[in-house]
Amino acid sequence: MDHSFQASCLKPYTPPEWAKYLSVVPSHVVELANTPSAIEKWRLPAGLVPDEVSVLIKRDDKTGFGLSGNKVRKLEFLMADAIKQGADSVITIGGVQSNHCRATACAAAKLGLESHLILRQADDKL
């Protein structure tokens, strides 16, 4: 386990002003996502919104991280916390097709951590 590599991934985190009211504020983050994610004009079918209205969409599906969308944003903090605590692996639970579990496994692999996934399915499928 290359702890020096993992430690080098930790970046100090400066929270936004409103976060000072939170009971727990992260001190570090690891950069996993390609940010900032794009904001694009959303082309809606004609007549759905008035012509003078523009609808914009934030494209977190383009973070470039294992098809995880916005899940990578929370993993940047969770993985930083795991590394700070000296963890060598992470464990998470989700459904058999869990995007969160897939994203966690991708993040762990990128950071040199083992990942252990507990995948559940409906009882009638057991």
Side-chain angles (χ1 to χ4, degrees):
M1 178 72 50
D2 185 359
H3 292 288
S4 62
F5 163 72
Q6 292 170 345
S8 72
C9 294
L10 290 174
K11 307 289 182 216
Y13 175 66
T14 304
E17 183 63 26
W18 58 262
K20 69 182 179 184
Y21 300 106
L22 299 175
S23 60
V24 178
V25 177
S27 61
H28 289 81
V29 66
V30 293
E31 295 174 351
L32 297 171
N34 295 322
T35 58
S37 54
I39 297 176
E40 298 176 358
K41 184 173 181 174
W42 197 12
R43 293 187 181 97
L44 296 170
L48 195 58
V49 296
D51 290 341
E52 65 274 8
V53 173
S54 290
V55 178
L56 304 175
I57 186 167
K58 188 162 177 62
R59 297 297 306 268
D60 273 0
D61 59 318
K62 293 186 174 188
T63 59
F65 192 78
L67 304 174
S68 65
N70 66 355
K71 289 156 192 68
V72 69
R73 293 183 184 273
K74 77 174 175 183
L75 285 169
E76 289 181 324
F77 294 102
L78 294 173
M79 293 296 175
D81 189 47
I83 291 168
K84 251 184 88 179
Q85 292 186 45
D88 60 4
S89 60
V90 295
I91 302 170
T92 195
I93 186 170
V96 293
Q97 295 181 340
S98 170
N99 290 334
H100 165 75
C101 288
R102 182 179 61 239
T104 300
C106 289
K110 183 171 183 172
L111 296 168
L113 298 168
E114 287 185 33
S115 62
H116 302 275
L117 308 178
I118 301 169
L119 302 175
R120 64 180 191 276
Q121 60 185 3
D123 288 342
D124 63 341
K125 306 270 187 200
L126 295 177

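It should be emphasised that the depicted structure is a prediction, and the values quoted were computed from it without experimental measurement. Each residue takes its place number in the sequence, starting with 1.
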Roughly how far, to the nearest 0.5 Å, is OG1 of Thr92 from CZ of Arg102? 13.0 Å
I'd like to know if Ile57 and Val53 are part of one continuous hydrophobic network [Ile/Leu/Val/Met/Phe/Trp/Tyr, side-chain heavy atoms within less than 4.5 Å]. yes
Could you tell me if Lys62 and Ser37 have a donor-acceptor pair between their side chains, going purely by distance under 3.5 Å? no
Positive for side chain to side chain contact (heavy atoms under 4.5 Å, CB included) with Val72, one of Leu32, Asp60, Thr35: Leu32
What's the shortest heavy-atom distance between Tyr13 and Pro26, and which atoms? CD2-O, 3.3 Å
Minimum heavy-atom separation for Cys101 and Gly94, please, with both atom names. SG-N, 3.5 Å
Taking atom CD of Glu40 as the centre, report whether more than 12 heavy atoms of other residues, nucleotides or ligands fall under 6.0 Å from it. yes
Please tell me whether Trp42 and Leu56 are part of a single hydrophobic cluster in this structure, the criterion being side-chain heavy atoms less than 4.5 Å apart. no
Can you tell me how far apart CG (Asn70) and CG (Asn99) are? Round to the nearest 0.5 Å. 10.0 Å
Leu78, Val30: one ILVMFWY side-chain cluster at the under-4.5 Å cut-off? yes
Under a single-linkage definition using a 4.5 Å side-chain heavy-atom cutoff for Ile, Leu, Val, Met, Phe, Trp and Tyr, are Leu111 and Leu10 assigned to the same hydrophobic cluster? yes
Tightest non-hydrogen contact, residues Gly95 and Leu119, listed as O-CD2, 3.6 Å
Check: Val29 main-chain N/O paired with Glu76 side-chain donor or acceptor under 3.5 Å: no
Considering non-hydrogen atoms only, spot the tightest contact between His100 and Ile93 and give its length. CD2-O, 4.3 Å
For the pair Met79 and Cys9, evaluate side-chain contact (heavy atoms from CB on, under 4.5 Å) and give the outcome as yes or no after the intermediate values. CA-CA 10 Å; Met79 293 296 175; Cys9 294; over 6 Å; no
Enter the distance from Ile83:CD1 to Asp88:CG here, rounded to the nearest 0.5 Å. 11.5 Å
Mind checking whether Leu75 and Leu117 sit in one hydrophobic cluster, side chains of I, L, V, M, F, W, Y counted as touching below 4.5 Å? no
